[in-house]
Amino acid sequence: MTAALRIGNASGFYGDRFDALREMLTGGELDVLTGDYLAELTMLILARDRLKDPSAGYARTFLRQLEECLGLAHERGVRIVANAGGLNPAGLAGAVRELAGRLGIPVRVAHVEGDDLTARHPGSLAAHAYLGGFGIAACLREGADVVVTGRVTDAALVTGPATAHFGWAGTEYDRLAGAVVAGHVLECGAQATGGNYAFFGERPPGDLLRPGFPLAELHEDGSSVITKHPGTGGFVDVGTVTAQLLYETGGARYAGPDVTARLDTVRLTEDGPDRVRIDGVRGEAPPPTLKVGLNRLGGFRNEVVFVLTGLDIEAKADLVKEQMTGALAKSPPAEVRWELARTDRPDAGTEETASALLRLVVRDPGQEAVGRALSGAAIELALASYPGFHVVAPPGKGAPYGVFEDVYVPHGAVDHVAVLHDGRRIPVDRPHDTAVLADVPEPEPPHRLPPGPVRRAPLGLIAGARSGDKGGNANVGVWARGDDAWRWLAHELTVERFRELIPEAAGLPVTRHVLPRLRALNFVVESLLGEGVAAQARFDPQAKALGEWLRSRHLDIPEALL
C-alpha cells in the first residue's frame with residue numbers, strides 16, 4: 001500500500017501565528033505544509049491594498065515566513081502549498097523566486113491562476129471564483145517545491161497534494177471527498193487542536209495556552225488520521241474534529257469544485273492519544289457551477305458608543321436617541337441602528353460595572369452624512385444630555401465598508417491554469433461529470449429518551465457548538481457527546497426552539513440539517529449578518545460567538561443527562 005501522505009497546516013487566516021511555519025517544519029515529519037491565508041474579508045483587504053499598489057494583492061506575511069523557513073523546508077524535502085497569492089498569485093510567485101535566488105536556495109516555484117473574474121463584474125473591487133485542487137496537483141506533478149494560488153477552496157490545499165501523490169482520477173469521488181473532509185478539518189489551524197473549543201474548561205490548566213497546529217495522515221483510499229506533532233500544546237479528539245467539521249458548513253452535501261462530500265457519511269473514531277481517524281466518507285460529482293465571491297464598496301459607516309452609568313439607563317438611552325435623531329434630521333444617514341448592551345449591574349462596586357453601552361451605527365452611500373454630521377451631533381451633546389454623559393471614543397470621519405455576495409458561473413467560465421517554474425502553462429480540465437445539488441432527505445430521528453425528571457439548565461452543559469459566517473448567512477453546528485444526549489437533542493432543538501433561543505433569528509429563514517453519525521445538528525440562518533462581515537451589520541459580525549450564546553440559553557434538560 002502507498003505510504004500515508006503527511007500534510008500539515010501552518011496558517012488558518014491572514015495574521016495567524018507567525019512562527020507556526022517553523023514549528024511545523026521542526027516539530028516532526030511532513031511531506032507537505034499548507035497555509036490558508038484567505039477569507040471573504042481578506043480578499044477585500046487585499047483588493048484595497050492593490051488599489052494603492054498594483055503590484056500588491058498578496059499576503060506579505062507569507063513572504064516573511066519563507067525568508068526564515070524556505071531553506072529549512074528545502075533541507076527536509078517538505079513541499080509548501082499556500083493560497084497566500086490572494087489577488088496576485090503570479091506576483092507572489094515572482095517574489096518567492098526572487099527570495100529564493102537571494103538566499104541561494106534552489107526551489108521550483110509554481111502558481112495557479114484563473115480565479116480572477118473582476119473584469120467581468122464591473123463595480124466590484126474583487127471577483128474571484130473558488131477553484132479546486134487539480135491545478136495544485138498539476139504543479140506538484142511537474143516538480144514544484146512551492147505552489148502559491150489565488151482563491152481556491154480551503155480544502156483544495158489538501159486535495160491537490162493528495163491527488164498528485166496518489167494519482168487519483170477526477171472521478172474517484174470517495175477518495176477526493178475524504179481529502180476534502182481532512183482539508184476542512186485542517187484549514188482553520190488550531191481550531192482542530194483545541195482552539196476555540198466549547199469544552200475548553202475540562203482541560204488541565206495551561207493545556208490550551210499555545211495549541212499546536214494540526215496535520216493529517218492521508219491514505220490512498222481517502223481515509224485519514226488527524227493528529228499533531230508530539231509535544232505541542234492543545235489536543236485532538238473526536239470533539240475537536242467534530243467542532244471543526246461543523247464550522248461554516250451547511251447541509252449534508254458539502255459542495256466543492258472537485259467533488260461534493262457527504263458529511264452525513266463521515267465516521268470519526270479515536271485512534272490513540274491525539275489521533276482521530278476519519279473514514280467512510282462518500283463523494284459525489286461536483287455541482288455544474290463554481291462559486292464566485294464578489295467584494296465591492298457598500299458606502300461609508302461610522303459609530304459612536306455612549307456610556308450610560310447608574311440609574312435610569314433606559315430613560316438616558318431614550319433621551320440621547322431623541323437628541324441624535326433631531327440633530328441628524330437635516331441630512332439623515334440611509335441606515336441608523338441603535339443597540340443597548342445592558343452591561344450594568346445594580347449597586348455596582350466599580351463605575352465600569354455600573355455602566356451600560358449604547359451603540360449607534362450609521363451607514364450611507366456618501367461620507368458626509370456619516371462623518372462630520374454625526375461627530376458634530378454627538379460631541380455637541382457633551383454638556384447638554386443625560387447625566388454622566390461621555391463616549392468610549394469620539395467618532396471619526398467615517399470609513400468605507402465592504403459588501404460581500406456570491407454568484408455562480410459554469411466551470412467553463414474560468415481558465416484554470418497551472419503555471420510552472422519554467423513558464424509552461426498547463427490548462428486544468430473541467431469536471432468530467434457534474435450533478436445539481438439537492439437536499440438530502442432528513443434521516444429518521446433516534447428514539448426519544450424515556451420520560452423523567454428535568455432541570456432548567458444551560459444547553460452547553462451537554463452540547464458543544466461552533467458557529468461562523470458564509471457571506472450574510474450564519475451557521476451554528478451543535479453536537480452531543482453521547483448517544484443519550486443525542487437522542488434528546490435531536491428531538492428538542494427544532495427550528496422553532498432555535499428561534500426561541502436566538503430571538504435575532506425569529507423573522508429569518510432557518511434551516512436545520514441532521515447529521516446522525518456526528519450526533520450533530522447544523523442550523524443555517526439566512527441574512528443574519530446582513531451584507532457580510534465587512535459591512536459590520538452586527539455586534540458579532542462573523543457570528544463567531546453565536547454558538548456560545550446558544551449554549552448559554554436555558555432549557556428543561558433531563559436530569560439523567562446532567
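On a predicted model such as this, the values are computed, not experimentally measured, just so you know. The analysis underlying the following values was restricted to heavy atoms, covering all of them including side chains, and did not include hydrogens, waters or symmetry mates.
Judged by distance alone, with hydrogens and angles left aside, the side-chain atoms of Asp271 form no donor-acceptor pair with the main-chain N or O of Val276 at under 3.5 Å. At least one donor-acceptor pair closer than 3.5 Å links the side chain of Thr153 to the backbone N or O of Ala156. In terms of modelled atom types and a separation under 3.5 Å, the side chain of Trp168 and the main chain of Glu220 share a donor-acceptor contact. In this structure, Thr240 contributes its side chain and Ala192 its backbone to a donor-acceptor pair below 3.5 Å. Under a 3.5 Å cut-off, the side chain of Thr118 and the backbone N or O of Ala127 do form a donor-acceptor pair. Between the side chain of Ser223 and the backbone N or O of Asp279, no donor-acceptor pair lies under 3.5 Å. Not one N or O on the side chain of Asp433 forms a donor-acceptor pair closer than 3.5 Å with the backbone of Ala285. Between the side chain of Asp274 and the main chain of Val236, a donor-acceptor pair closer than 3.5 Å is present. The backbone N or O of Ser224 lies less than 3.5 Å from no partner atom in the side chain of Arg277, so there is not a single donor-acceptor pair. Using modelled atom types, no side-chain atom of Arg141 and backbone atom of His165 make a donor-acceptor pair closer than 3.5 Å.
Side-chain contact check for Asp16 versus Tyr37: every heavy-atom pair is 4.5 Å or farther apart. Considering only heavy atoms from C-beta on, Arg253 comes within 4.5 Å of Val440 through its side chain. Thr249 has its side chain within reach of Asn522: a pair of non-hydrogen atoms, C-beta onward, lies under 4.5 Å apart. Looking at Asn475 and Val525, their side chains never come closer than 4.5 Å, going by heavy atoms from C-beta outward. Inter-residue side-chain proximity for Arg175 and Thr159 is flagged as unmet; no heavy-atom pair is nearer than 4.5 Å. Using a 4.5 Å cut-off on side-chain heavy atoms (C-beta onward), Val292 and Leu294 make contact. Here the side chains of Ile7 and Leu215 are not in contact, with every heavy-atom distance at 4.5 Å or above. Between Gln244 and Cys188 there is a side-chain heavy-atom pair separated by less than 4.5 Å.
Taken from CE in Met24 to CZ in Arg17, the straight-line distance is 10.0 Å, to the nearest 0.5 Å. In this structure, Leu186 CG and Ser11 OG are separated by 12.5 Å, a value rounded to the nearest 0.5 Å. Note: Arg466 CZ to Glu548 CD = 9.5 Å, rounded to the nearest 0.5 Å. Rounding to the nearest 0.5 Å places CZ of Arg517 at 12.0 Å from CG of Leu263. The CG atom of Leu21 sits 4.5 Å away from atom SG of Cys69, with the distance rounded to the nearest 0.5 Å. Atoms CZ and SG, from Arg108 and Cys139 in turn, are 12.0 Å apart once rounded to the nearest 0.5 Å.
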Might you work through the salt bridge (charged side-chain N to carboxylate O under 4.0 Å, His left out) test for Glu40 and Lys470, ending with a clear yes or no?
-> CA-CA 8 Å; Glu40 293 163 0; Lys470 279 295 183 185; 5.2 Å; no
Hey, mind stepping through Arg296 and Glu405 against salt bridge (charged side-chain N to carboxylate O under 4.0 Å, His left out) and telling me if it holds?
-> CA-CA 9 Å; Arg296 58 181 173 81; Glu405 62 179 308; 3.6 Å; yes
Would you sort out whether Thr193 and Phe213 count as a side-chain contact (heavy atoms from CB on, under 4.5 Å), showing the intermediate values?
-> CA-CA 7 Å; Thr193 57; Phe213 277 66; over 6 Å; no
Trace of the side-chain contact (heavy atoms from CB on, under 4.5 Å) decision for Val32 with Val78 | CA-CA 5 Å; Val32 179; Val78 179; 5.7 Å; no
Does the side-chain contact (heavy atoms from CB on, under 4.5 Å) test come out yes or no for Asp31 and Arg6, once each step is laid out?
-> CA-CA 5 Å; Asp31 298 304; Arg6 290 174 62 87; 3.7 Å; yes
Determine, stepwise, if the pair Tyr254 / His184 fulfils ring-ring contact (aromatic ring centres under 6.0 Å, His included).
-> CA-CA 10 Å; Tyr254 185 59; His184 182 58; 5.1 Å; yes
For Ile80 and Leu66, run side-chain contact (heavy atoms from CB on, under 4.5 Å): C-alpha distance rounded to whole Å, both residues' side-chain angles, the deciding distance at 0.1 Å, then the answer.
-> CA-CA 10 Å; Ile80 294 176; Leu66 283 189; 3.7 Å; yes
Test Asp36 against Asn9 for side chain to side chain donor-acceptor pair (under 3.5 Å), laying out the working first.
-> CA-CA 8 Å; Asp36 181 10; Asn9 170 281; over 6 Å; no
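Side chain to side chain, Asn473 and Glu526 fail the donor-acceptor criterion of an N or O pair below 3.5 Å. A donor-acceptor contact closer than 3.5 angstrom is absent between the side chains of His219 and Glu217.
Here the shortest heavy-atom pairing between Asn88 and Ala56 reads ND2-O, 3.2 Å. Nearest heavy atoms, Ala435 versus Pro288: O-CD, 3.7 Å. When all heavy atoms of Glu67 and Leu99 are compared, the pair lying nearest together is N-CD2, 3.7 Å. When all heavy atoms of Val185 and Val241 are compared, the pair lying nearest together is CG2-CG1, 4.0 Å. In terms of heavy-atom proximity, Ala126 sits nearest to Ala47 at CB-CB, 4.0 Å. Taking both residues in full, the closest heavy atoms of Gly135 and Ala418 are given as O-CB, 3.6 Å, listed atom of the first, atom of the second, then distance.
A cation-pi arrangement is present between Lys291 and Tyr130 under the rule of less than 6.0 angstrom and at most 45 degrees off the ring axis. Both the sub-6.0 Å distance and the 45° axial angle are not jointly satisfied by Arg363 relative to the ring of Phe300. Within the cation-pi definition used here (under 6.0 Å to the ring centroid, within 45° of the axis), Arg64 does not qualify as a partner of Phe62.
The existence of a salt bridge linking Glu442 and Arg512 is confirmed by a sub-4.0 Å separation between a basic side-chain nitrogen and an acidic carboxylate oxygen. Under 4.0 Å is where a charged nitrogen must lie from a carboxylate oxygen, and between Glu335 and Arg301 no such pair does. In this structure, Asp154 pairs ionically with Arg151, as a charged nitrogen and a carboxylate oxygen lie closer than 4.0 Å.
Only one option out of Asp264, Thr265, Thr260, Asp174 pairs with Arg282 in a side chain to side chain donor-acceptor pair (under 3.5 Å); it is Asp174. Partner Tyr14 forms a side chain to side chain contact (heavy atoms under 4.5 Å, CB included) with one of Leu38, Leu46, Leu41, Asn83 and no other, that one being Leu46.
Atom CG of Asp439 sits in a sparse spot, with 12 or fewer heavy atoms from other residues, nucleotides or ligands closer than 6.0 Å. Heavy-atom neighbours of Arg48 CZ from other residues, nucleotides or ligands within 6.0 Å: at or below the threshold of 12. Atom CZ of Arg60 has more than 12 heavy atoms from other residues, nucleotides or ligands within 6.0 Å. The local environment of CD in Glu270 is crowded, with over 12 non-hydrogen atoms from other residues, nucleotides or ligands closer than 6.0 Å. Counting heavy-atom neighbours within 6.0 Å of Phe18 CZ, excluding the residue itself, gives a total above 12. Counting non-hydrogen atoms of other residues, nucleotides and ligands closer than 6.0 Å to CZ of Arg430 gives a total of 12 or fewer.
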